[in-house]
Structures are given as structure tokens and as C-alpha cells.
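Okay, structure first, notes after.
Heads up: numbering here begins at 1 and tracks the sequence.
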Amino acid sequence: MVTYAKYLEGKTIALVSSGSSLKGKNQGPLIDSFDIVVRLNRGIPLDQHKYKDVGKRTDILYNCLDGAPDAGGRIDGNFWRARGVRCVCSTYPKSEYFTFPERSLGLGGIIPTRWIPDATYYPIKEEVKGRPNSGTTTLVDLLSFDIKEVRLFGMDFFRTLYDISYLKEGGNKEDFERVLSTNPDRHDPDSQYLFFKNKLYAEDSRIKIDEYFEKIIANPDYDSMYFKGN
């Protein structure tokens, strides 16, 4: 059996999220051309009309495995396997207080399943405020392996708000803040963006971004966007 490390070794990886840089850009064929396509939580594309923008392959699914309809979604190994997923990875370790390993019991018997290790996750938690989000933990986990490159598609750490699971398409920043505020251990989008910008992207040349995100990175106005009144 090939280990996860061996599977990733030397590979080019498309990490696909849901920022506005994907909309109408016909990036689907490029995404599907990568050695491995990684998606997050409920991000497996089901609408064929979106394939041209987001691609259709999903080789690895990083999912918080909480079963919540507004977060990781239904835990369904048979569905994921039918969609071509070769491995499911939890975006949090079993040791976190808010994870529910019992909800995914038996999943490994259907599709290979792994949990992010403590040694990868807890240094992230020390670097950012609040709970690390799935995109951040996924990116750091991928970078812990001997990959060739990871190209971000539609992943901008909530600098834009297109088609994310918290909001309907066209939702605004105030709506997003209200949703985040319902959780006392909420994500801090600005903190995680700066962790990406000043540490991950600045220090690891394997991370590739598009021109759209390059313009965001170069503009300091994007460094602080949320909860300015707090």
C-alpha cells in the first residue's frame, strides 16, 4: 500500500477553494491538469456548469469531519469514493476539543482516511488568533510533505466572498462577521491571512498563486478587513 507521503511525493497539487478569482475564469481544465486536485469540506463540484471554472476532479478531500451541514457536511464515504476521491483527511487532529472522531467511525473501511497530526496542527494554532480554518490547516499539512508545488485556486483567506459555505453568493462582509461572531472560538480571517502572507507564502517557494491574489498580497488595505470595531 502506498503511504500518503509517497502518494504526494514530487507531485504538483491544485488546492481549490471558493474565492471570487475562480468565477468566470475558465480555470477548470488547468485545475484538472495537476497531478493531484485537493478540495475542502463540501467543495466537491456537483454542478456541471461550474466545471469550466472549478474543474471536476477531486483526488483528496480535506474535511473537518464534523458532519455539520454548514461546515464539513454529511460524512459519506460511499459518495466521496463515487466522486473519485482517493483519500479523506481531517483538517483537525483528534485531540482538539471540538472534533468528533466518533462521527466518522467506519469511514476508513470505505475510503482511506487520515487525521492531521498534532505536530502539524498545534504550531499553526500558536501562530494565529482563534481557531485555524480548514484552508490554513490543509495548506500547512500539504507543505509538510515533499511536494513539488501547490497552486492555490480561489483561496484568498476570505479577502473576497464568492460562493463560500457561510453565505449565499453575493453575501457581504457584515453577514460574514455576524456568522463568525456566533462562535466564541471563531476564526480570525485577518490573522490567518497575515500568517499566510508573512510566513507561509514569504518563506516557501512551492506555493504558487495567481495574478489576482498577487494584487491582493501587494495591497496593504487587505491586511485588516474584519471586526475593526472590536
* I60 with L107, same ILVMFWY side-chain cluster at under 4.5 Å -> no
* Before giving the answer on side-chain contact (heavy atoms from CB on, under 4.5 Å), spell out for I207 and D204 the whole-Å C-alpha distance, their side-chain angles and the decisive distance to 0.1 Å. => CA-CA 6 Å; I207 303 173; D204 199 321; 4.2 Å; yes
* Asked: Does any non-hydrogen side-chain atom of P101 lie less than 4.5 Å from one of W115?
  -> yes
* To do: Might you point out which heavy atoms bring K52 and P29 nearest each other, and give the distance in Å?
  => O-CD, 3.8 Å
* To do: Can you see which heavy atom on K6 is nearest to which on V2, and at what distance?
  => CB-CG1, 3.7 Å
Pair up each side-chain donor or acceptor in residues 80-87 with any protein partner under 3.5 Å, not counting sequence neighbours, and list the distances.
residue, atom, partner, partner atom, Å
R81, NH1, I110, O, 3.4
R83, NH2, P45, O, 2.9
R83, NH2, Y51, OH, 3.2

* Asked: Between Y7 and F145, is a ring pair (Phe, Tyr, Trp, His ring centres under 6.0 Å) present by the stated rule, with each step listed?
  -> CA-CA 10 Å; Y7 176 53; F145 295 95; over 10 Å; no
* Pick from E127, Q192, K125: which one makes a side chain to side chain donor-acceptor pair (under 3.5 Å) with T136? -> Q192
* To do: Mind running side-chain contact (heavy atoms from CB on, under 4.5 Å) on L105 and F100 for me, showing each step along the way?
  => CA-CA 10 Å; L105 288 176; F100 304 94; over 6 Å; no
* **pair S95-Y122: side-chain heavy atoms closer than 4.5 Å** => yes
* **Distance-minimising heavy-atom pair for Y62 and S90** => CD2-O, 4.4 Å
* Asked: F213 and F196: aromatic ring centres closer than 6.0 Å?
  -> yes
* To do: Give the intermediate values and the outcome of side-chain contact (heavy atoms from CB on, under 4.5 Å) for residues I209 and I216.
  => CA-CA 11 Å; I209 61 177; I216 290 177; over 6 Å; no
* Asked: Under a 4.5 Å cut-off applied to non-hydrogen side-chain atoms, are K208 and L152 in contact?
  -> no
* Is the Lys NZ or Arg CZ of R131 less than 6.0 Å from the centre of F98's six-membered ring, within 45° of the axis? -> yes
* Lys/Arg N to Asp/Glu carboxylate O, D141 vs R114, below 4.0 Å -> yes
* Structure fact -> In this structure, CZ of R39 is separated from CZ of F153 (nearest 0.5 Å) by 10.0 Å
* Asked: Can you tell me how far CD1 of I116 sits from SG of C89, rounded to the nearest 0.5 angstrom?
  -> 7.5 Å
* Over all atoms of both residues, closest heavy-atom pair of D66 and A71 -> OD2-CB, 3.2 Å
* Check the pair E9, K148 against salt bridge (Lys or Arg N to Asp or Glu O under 4.0 Å), reporting the backbone distance first and the verdict last. => CA-CA 7 Å; E9 184 178 348; K148 182 177 182 180; over 6 Å; no
* Asked: How many angstroms lie between CG in D223 and CZ in R159, if you round to the nearest 0.5 Å?
  -> 8.0 Å
* Structure fact -> Interatomic distance, CD1@I44 vs NZ@K56, rounded to 0.5 Å, equals 15.0 Å
* To do: Verify the neighbour count for atom CD of E126: are there more than 12 heavy atoms of other residues, nucleotides or ligands below 6.0 Å?
  => no
* L142 vs L8 side-chain heavy atoms within contact, under 4.5 Å -> yes
* R57 side chain to F34 main-chain N or O, any donor-acceptor pair under 3.5 Å? -> yes
* Structure fact -> To the nearest 0.5 Å, atom CG of L61 lies from atom CD1 of I111 at 8.0 Å
* Can you tell me how far OH of Y193 sits from CG of N133, rounded to the nearest 0.5 angstrom? -> 14.0 Å
* **Close side-chain approach of D59 to V38, heavy-atom, < 4.5 Å** => no
* **V150 and L139: CA distance, side-chain angles, deciding distance, side-chain contact (heavy atoms from CB on, under 4.5 Å) verdict** => CA-CA 8 Å; V150 55; L139 178 58; 3.8 Å; yes
* **F157 side chain near L194 side chain, heavy-atom distance below 4.5 Å** => no
* Asked: Is L65 reachable from I124 through a run of I, L, V, M, F, W or Y residues, each pair having side-chain heavy atoms under 4.5 Å apart?
  -> no
* For the residue pair Y121 and Y92, is the inter-centroid distance of their aromatic rings smaller than 6.0 Å? -> yes
* Asked: What are the two closest heavy atoms between D53 and G24, and how far apart are they?
  -> OD2-N, 2.9 Å
* Side-chain contact test, heavy atoms from C-beta onward, threshold under 4.5 Å: evaluate it for T91 versus N63 and give yes or no. => no
* To do: Say whether, by atom type as modelled, one donor and one acceptor occur between the side chain of D188 and the main chain of K129 under 3.5 angstrom.
  => no
* Would you say L143 and R206 make side-chain contact, with heavy atoms under 4.5 Å? -> yes
* Structure fact -> Quick note, side chain to side chain donor-acceptor pair (under 3.5 Å) partners involving residues 24-37, not counting sequence neighbours, are T12-D35
